[in-house]
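Quick caveat, the model's predicted, so the values are computed rather than measured. In what follows, chains are A, B, ... by sequence order, proteins preceding strands, each numbered from 1.
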2 protein chains.
Amino acid sequence: MLHTEDRSQDTMNDGAAPLKGRKATLSDVARLAGVSVATASKALNGRSQVRAETRARVEEAAEQLSFSPNALARGLLAGRTGTVGLLTSDLEGRFSIPILMGAEDAFGAGKVAVFLCDARGDSIREQHHVRALLGRRVDGLIVVGSRTDPRPSLGRDLPVPVVYVYAPSEDPEDLSIIVDNVGAGRQAIEHLISCGRTRIAHISGDPTYGASQERAQGAREALAARGLELIGDVRFGSWTEGWGRAAASMLLAQHPEVDAILCGSDQVARGVMDVLREQDRKIPDDVAVMGFDNWEIFTSHSRPPLTSIDMNFERLGRVAAQRLFAAIDGKPASGVEALDTRVVIRGSTAPGH
Amino acid sequence: MLHTEDRSQDTMNDGAAPLKGRKATLSDVARLAGVSVATASKALNGRSQVRAETRARVEEAAEQLSFSPNALARGLLAGRTGTVGLLTSDLEGRFSIPILMGAEDAFGAGKVAVFLCDARGDSIREQHHVRALLGRRVDGLIVVGSRTDPRPSLGRDLPVPVVYVYAPSEDPEDLSIIVDNVGAGRQAIEHLISCGRTRIAHISGDPTYGASQERAQGAREALAARGLELIGDVRFGSWTEGWGRAAASMLLAQHPEVDAILCGSDQVARGVMDVLREQDRKIPDDVAVMGFDNWEIFTSHSRPPLTSIDMNFERLGRVAAQRLFAAIDGKPASGVEALDTRVVIRGSTAPGH
DNA sequence: GAAAACACCGAAAAGGCTTTATGTGACCCT
DNA sequence: AGGGTCACATAAAGCCTTTTCGGTGTTTTC
């Protein structure tokens, strides 16, 4: 049912309700308070050139009219809009969201609003969005990639600072905030070793992802530091449960002595655990299992709950926001900043967790 | 070294920082083209009062300066900003994202930019965001709930139209776009029946969710229409695999004759399938299994792939965006609009899929 | 008692754009 | 030739806020 009543020019409001942006302008407030707009502005912005009594009158008038200053006019004058663009190439993916949440959180704490744009992996669309955002005079841009491999830079001649997150920019002059995947691999192995495991295998994911190569490298490094080696080298495949099952079957057949399996993702780990259970290998007593990503939906509900490496995505987003703030304030940075990860221990490596 | 002057958190940034890419303004374009700003404006906006040759000159000048009009100034004048606020109460959840994608898509196709705000389920934070968005003079608001139960209205006296998605507003005067959960339950049962099943059980999720009650109701209706009943009535629990496993064990013990299990979510279905496999019941030959949500990550990688009801979230977001457009254009609507769902058939009900 | 200091307020400009109203010349008609 | 129409260009008036600068009236200082 449609009704055509016009809600936009409403009746007078008593000012009791808190949320009414409405059309009240600063001159309305000034008129009601019996002062000039200049004085009203100063009063509301805490400038010093206003008598306390006058300020109070203005504030009351503003309250009564539910005045809220027009951010457009303010931004037009200030040259700063207090907005940033958040450009993601893949909202659907699991990784953009927490990053986005972290960034939104950090900005919302300040007085910055976030324009969200999803390029859907299309660079034409991305260009279009960048242009639109610049037209809106955002103060800065955050670009979130969909995988960890380097991506093309937006260019050096943008009028606003840019921070790349998750996927670094190909241009080292840009500032990129990424996950330390080598460190993540190292951390994982160190945890397994400290659980007393020595015959460790690594079932990874898609080999075309930089992340899987880097994690494998970190894992090898950590093993080498103890004079150990991977059992049966790294097995690459895809990021799926199916691959986890297939790879686990082969691994157990070829190397039944294995006492820990590091998996490329929680989904892979899930498949691996299914096979272990079917073959009556106790987790973690016979074989410890570990994943990457700490994807709650998989880690908490598996049997037993899965130990995993958390990528701290929210922090990634928050740090990106902070760096962008700094750049906007005239303190730019460049290079690649790799943030560390964190082991979340559950029952698949530590009984009782 | 840049000045380390008092760059206090305020706007006292007196242009000391070298803003390198100062954006070209319309007067720059006009000067370069040798016309007045008024003419330049009309030329670039396709107004009629401009000679073709003049228009070409202006366009070339604009191109040369890579001019893009300042959306702030334009919005200030027009009273419309071409922005909307997207207020979600829970970004983390699985449902907001596709809705958000649909909306972003629909708006991006027009010339509307989206402010994203996450209230994190906190109504104080929500109020704060609403106020901030109104200060930025958004043209409209979309409010995305985190569960399907009705939520408090933002109020009738907002200066801009609002569309509620997923969770309807408690106020029937508001416009809400939701999923037809009763219809979804009906659809599911009809599919199972058309697969030849008659002894159907329903393992649902958290009973405090309206969605689970409504789906159960739809399921009962569809069964009643064929003179059938649920085996062992609805079993409520939580939306987890663990509950799926527990409930399936009990169900199979009490009603071994069951030939289909409708599950409250794909995760529940996942648990149910684990138990069926452990008890050597063939899926779908002995027992068909079905879920709700069509969460790819669960449906595609289970054994066999899981038939599920897709909620069409992207369409939900797109429709919400369209309704908001209409309302902004002065064609408001109210009431609750329930969109239908869709069965995605896979191997867990239909062999060979 | 005059000069300076001070506290407070208002007029006005600026910021970039669109639109209205006004102005100018070219052209056509009787 | 004068009046009218038409096509085009421009000046100027906003939109809403912040900030600078100038102007009161009052107080302090020597």
Footprint string (nucleotides 19-26 of chain C, 5' to 3'): B base within contact, S backbone only, - free, heavy atoms under 4.0 Å: B-------
In whole angstrom, what separates B:Arg55's CZ from D:dA9's P? 10 Å
Taking five pairs at each terminus, the helix from C:dG1-D:dC30 to C:dT30-D:dA1 shows an axis bend, to 10°, of 60°
Do A:Ser169 and A:Asp174 have side-chain atoms, one donor and one acceptor, less than 3.5 Å apart? yes
When rounded to the nearest 0.5 Å, the distance separating NZ of A:Lys42 from OG of A:Ser36 is 7.0 Å
N/O (side chain, B:Thr25) to phosphate O (OP1/OP2, C:dC17) under 4.0 Å: yes
How many whole angstroms separate atom CZ of A:Arg57 from atom C1' of C:dG10? 14 Å
OP1, OP2 of C:dC8 versus side-chain N and O of A:Arg51: anything below 4.0 Å? no
Taking everything shown except B:Glu63 itself, do over 12 heavy atoms lie less than 6.0 Å from its CD? no
Just by distance, do the side chain of A:Asp105 and the backbone of A:Met101 share a donor-acceptor pair under 3.5 Å? no
Taking atom CD as the centre, does B:Glu59 end up with more than 12 heavy-atom neighbours from other residues, nucleotides or ligands that are less than 6.0 angstrom away? yes
C:dG16, D:dT17, C:dC8: which one has an atom nearest the side-chain heavy atoms of B:Asn70? C:dG16
What class does the angle between the rings of B:Phe313 and B:Phe95 fall in, given that below 30° is parallel, 30 to 60° is tilted and above 60° is perpendicular? tilted
How long is the line joining CG of B:Leu72 and P of D:dT18, in whole Å? 14 Å
Please report, rounded to the nearest Å, how far the C1' atom of C:dG15 is from the CZ atom of A:Arg137. 12 Å
Value in whole Å for how far the P atom of D:dC21 lies from CD of A:Gln49: 13 Å
Go through C:dG10, D:dC16, D:dT10 for me and flag the one nearest to the B:Ser36 side chain. D:dT10
How many whole angstroms separate atom CG of B:Asp28 from atom P of C:dG16? 8 Å
d(CZ, A:Arg136; C1', C:dG15) in whole Å: 18 Å
Could you walk me through whether A:Glu60 and A:Arg55 pass the salt bridge (Lys or Arg N to Asp or Glu O under 4.0 Å) test, one step at a time? CA-CA 9 Å; A:Glu60 192 192 346; A:Arg55 184 187 307 276; over 6 Å; no
With DNA chain C as reference, determine whether B:Ala40 or A:Val50 sits nearer its 5' end, using the nearest nucleotide of each. A:Val50
Picking from C:dG15, C:dC17, C:dC9, which would you name as closest to the side chain of A:Ala73? C:dG15
Near B:Glu337 CD, under 6.0 Å, is it more than 12 heavy atoms from other residues, nucleotides or ligands? yes
Exactly one of A:Arg120, A:Arg131, A:Arg151 should register a salt bridge (Lys or Arg N to Asp or Glu O under 4.0 Å) with A:Glu126. Which one does? A:Arg151
How many whole angstroms separate atom CD of A:Glu53 from atom P of C:dA7? 17 Å
